[in-house]
Amino acid sequence: MSMCPTTVHQLLTIEDLVVKFPVAGGTREAVAGVSFMIARGEIVGLVGESGCGKSSLARAIMQIPRPASGRVLLDGVDLTRLHGNELRRIRNRMQMIFQEPLASLNPLKTIGDSVAFPLRVAGGATPDAIRLQSCEALAAVGLDPDQFYHRTPARLSGGQCQRAAIARALVNRPELLVCDEPTASLDVSVQAQIINLLQDLNQSCRLSLLFISHDLALVKHISHRVAVMYQGRLCELAPCATLFDAPLHPYTGALIAAASGSTPRGSAAPPTHGDSSAGCRFYSACSRAASSCRQQPPELRQIRPEHWVACHIPN
Amino acid sequence: MSATELLVLDQLTVELQSKNGTIRPVDSLSLTLAQGQILALVGESGSGKSMLCRAILGLVASHGRIIFDGSPIGQLSEQELNQLRGREIGVVLQDPLSSLNPVMTIGEQIMEPMRLHLGIGRSAAKSRALGLLQATGIPSPAERFASYPHQLSGGLRQRVAIASALACEPKLLIADEPTTALDATLQREILLLLERLRRERNMAILLVSHDLGMVADYTDQVAVMYAGRIVEQAPAATLFSRMRMHYSAALLNATLRLDAPRRSRLPGITGQPPDFSALPPGCRFAPRCPCAGERCQQEEPPLVSDQELQQRYACWFPLMSRMQGGSV
């Protein structure tokens with residue numbers, strides 16, 4: 001099953017990914033069978049509320065920790081079957097940046113050392129080459145190597161730290177960058193700089209991005225396609241403009257309405273994750289729910305070209 | 001000075017000692033908040049917003065005058081301040097998980113200030129606490145009463161923090177980035193809640209935020225802060241229709257709105273807010289301002305008032321009204 005025209009080269013393919021965490025009295029599925037693809041040079045946005053499994057999905061793609069089941073294919077190679085050096089080698093091709101830039105950099109290392117670290121792990125390069133390449137990476141994200149190479153993270157602002165984290169992620173020239181809320185802790189003025197930088201990298205290097213955020217306006221700005229996640233499952237996947245102009249899933253509609261401030265959702269009870277009843281997970285909060293929704297979980301199906309939705313009664 | 005003024009800050013200055021000498025994260029700042037009014041204080045990280053809140057609460061030493069409800073509170077003793085904090089002035093902070101006590105039930109935490117400040121009995125406090133949980137939109141308050149903070153979601157925790165701040169019916173609520181740690185959908189819910197509580201209780205709110213777009217719909221007054229000073233202030237409607245400061249415009253321009261047309265690039269603000277130990281000689285925003293002239297580099301613009309529009313701004317070359325919303 002293809003979720004993009006077959007002529008487009010798929011870089012990342014995720015098939016039926018499941019992530020489980022132990023909780024008191026059993027396990028909880030943070031990601032409950034998610035499948036989608038990212039093409040080379042494509043930016044896929046992933047939105048959903050806190051706790052819907054966005055970050056767990058991102059980490060499972062990176063194999064930290066490994067998913068409980070399902071496959072993650074990078075250029076046809078199944079990462080879930082790789083171990084040790086094989087996995088380390090393929091990680092050069094995919095990198096991740098995190099929400100808290102200060103927490104993701106080693107406070108005792110200089111920025112230069114942090115950026116050079118992936119090159120040292122990869123091995124095979126001379127110290128001079130490593131230094132040159134890390135300086136190039138710093139320059140590419142707008143940090144002057146002369147000024148920043150020897151500084152520690154504490155002497156950088158939040159935006160500069162995030163740039164350094166991006167430089168570290170890019171130093172091995174990956175093909176895929178997983179961004180988990182990269183600007184959530186930054187000022188709007190700095191957010192704009194980081195977003196512009198990511199878009200430039202996408203265009204100049206055909207870097208693919210999985211861009212995770214709870215900020216719909218931001219996702220709308222940067223993404224080519226958008227996936228909406230609710231309680232561990234994808235409920236909708238569509239090209240960006242289609243998703244925002246004509247959402248098919250009631251949850252997507254509710255998210256957009258809430259974010260644009262037109263109809264606040266009121267104080268609906270928070271989702272109860274323990275409720276793994278047979279039917280649709282959005283059942284209790286859905287205005288359109290019918291009896292079939294309670295009995296059978298909706299599968300993600302293609303309703304229009306490139307527009308996938310998991311709902312028995314889509315708009 | 002009219003009788004409705006609740007909080008008056010007059011030439012308030014906070015001085016701190018740093019490695020590079022004395023710095024002033026709040027510098028000769030004057031601001032007035034009327035009873036029952038919501039004033040949004042907006043600016044980037046490091047502009048001095050939180051330091052201002054701390055100064056009002058007496059948590060850092062400050063010069064200048066702070067007049068609360070008619071009497072100066074700048075020089076009160078710690079004991080006298082304790083009578084004020086939590087009782088007359090409530091506080092909600094950014095991260096509810098770190099501002100709530102993890103080993104106390106949420107019910108106890110909401111009852112504590114009432115029992116301490118108002119000396120009311122357990123059962124009366126409990127019924128008031130339940131009422132507050134209800135008022136702040138927490139579903140099934142009676143069940144939640146015995147919950148611990150970690151058992152609640154981020155949005156519910158922030159509601160609990162608000163309920164606790166409201167326990168003694170303060171006249172002023174200081175909310176320092178109350179929605180920053182929350183989802184976009186929850187942010188609006190919390191702002192709506194604050195706006196409703198203000199109406200119901202005639203409580204003034206000082207709402208600190210870095211998101212100019214988000215606060216636009218929920219406040220009466222907006223004050224924009226930069227490098228320790230107010231650079232522009234106006235009633236919300238006036239500010240958004242007749243923005244005068246390039247900094248406010250740039251801040252607004254960098255905000256993304258879901259209903260806005262898609263732009264190919266986001267207009268950010270180049271550079272960083274200035275280091276307090278090395279402030280530029282002229283306008284503090286001049287090094288980052290696209291319209292800065294020679295005068296801006298040399299002379300600091302005063303905060304001038306437009307009486308008719310109740311607007312204040314500090315700029316030598318203010319935006320014209322025809323450049324609404326700022327095309328920086």
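Sequence lines set the chain letters: A, B, ... in the order given, protein chains first and strands last, and positions in each chain run from 1.
- Looking at every heavy atom in both residues, A/His221 comes nearest to B/Leu266 through NE2-CG, 3.5 Å.
- In this structure, B/Asp259 CG and A/Ile256 CD1 are separated by 12.0 Å, a value rounded to the nearest 0.5 Å.
- Counting non-hydrogen atoms of neighbouring residues, nucleotides and ligands closer than 6.0 angstrom, the CD atom of B/Glu143 reaches no more than 12 such neighbours.
- Annotation: side-chain hydrogen bond (donor to acceptor under 3.5 Å, both in side chains) contacts involving residues 233-243 of chain A, sequence neighbours excluded, comprise A/Glu236-A/Thr252, A/Glu236-A/His307.
- In this structure, the separation between OG on A/Ser189 and CZ on B/Arg288 is 5.5 Å, given to the nearest 0.5 Å.
- Heavy-atom contacts from other residues, nucleotides or ligands closer than 6.0 Å to CZ of A/Arg206 number 12 or fewer.
- With a threshold of 4.5 angstrom between heavy atoms, A/Leu186 approaches chain B through N, CA, C or O but not through any side-chain atom.
- Taking each heavy atom of B/Ile269 and A/Gln193 in turn, the nearest pair found is O-NE2, 2.6 Å.
- Using a distance-only test at 3.5 Å, with no hydrogens or angles considered, a donor-acceptor pair links the side chain of A/Asp187 to the main chain of B/Ser45.
- With rounding to the nearest 0.5 angstrom, the NZ atom of A/Lys220 is 11.5 Å from the CZ atom of B/Arg257.
- For A/Ile195, the part lying under 4.5 angstrom from a heavy atom of chain B is the side chain only.
- Only the backbone of B/Ser264 comes within contact range of chain A, with at least one heavy atom under 4.5 Å from a heavy atom of that chain.
- Among A/Leu255, A/Leu216, A/Val219, the single residue meeting the side chain to side chain contact (heavy atoms under 4.5 Å, CB included) criterion with B/Leu258 is A/Leu216.
- Scanning residues 157-167 of chain A against chain B with a 4.5 Å non-hydrogen threshold yields A/Ser157, A/Gln160, sorted by number.
- In this structure, A/Ala192 and B/Gly268 approach most closely via the heavy-atom pair CB-CA, 3.4 Å.
- Annotation for B/Ala254 and A/Val188: closest pair CB-O, 3.8 Å, computed over non-hydrogen atoms.
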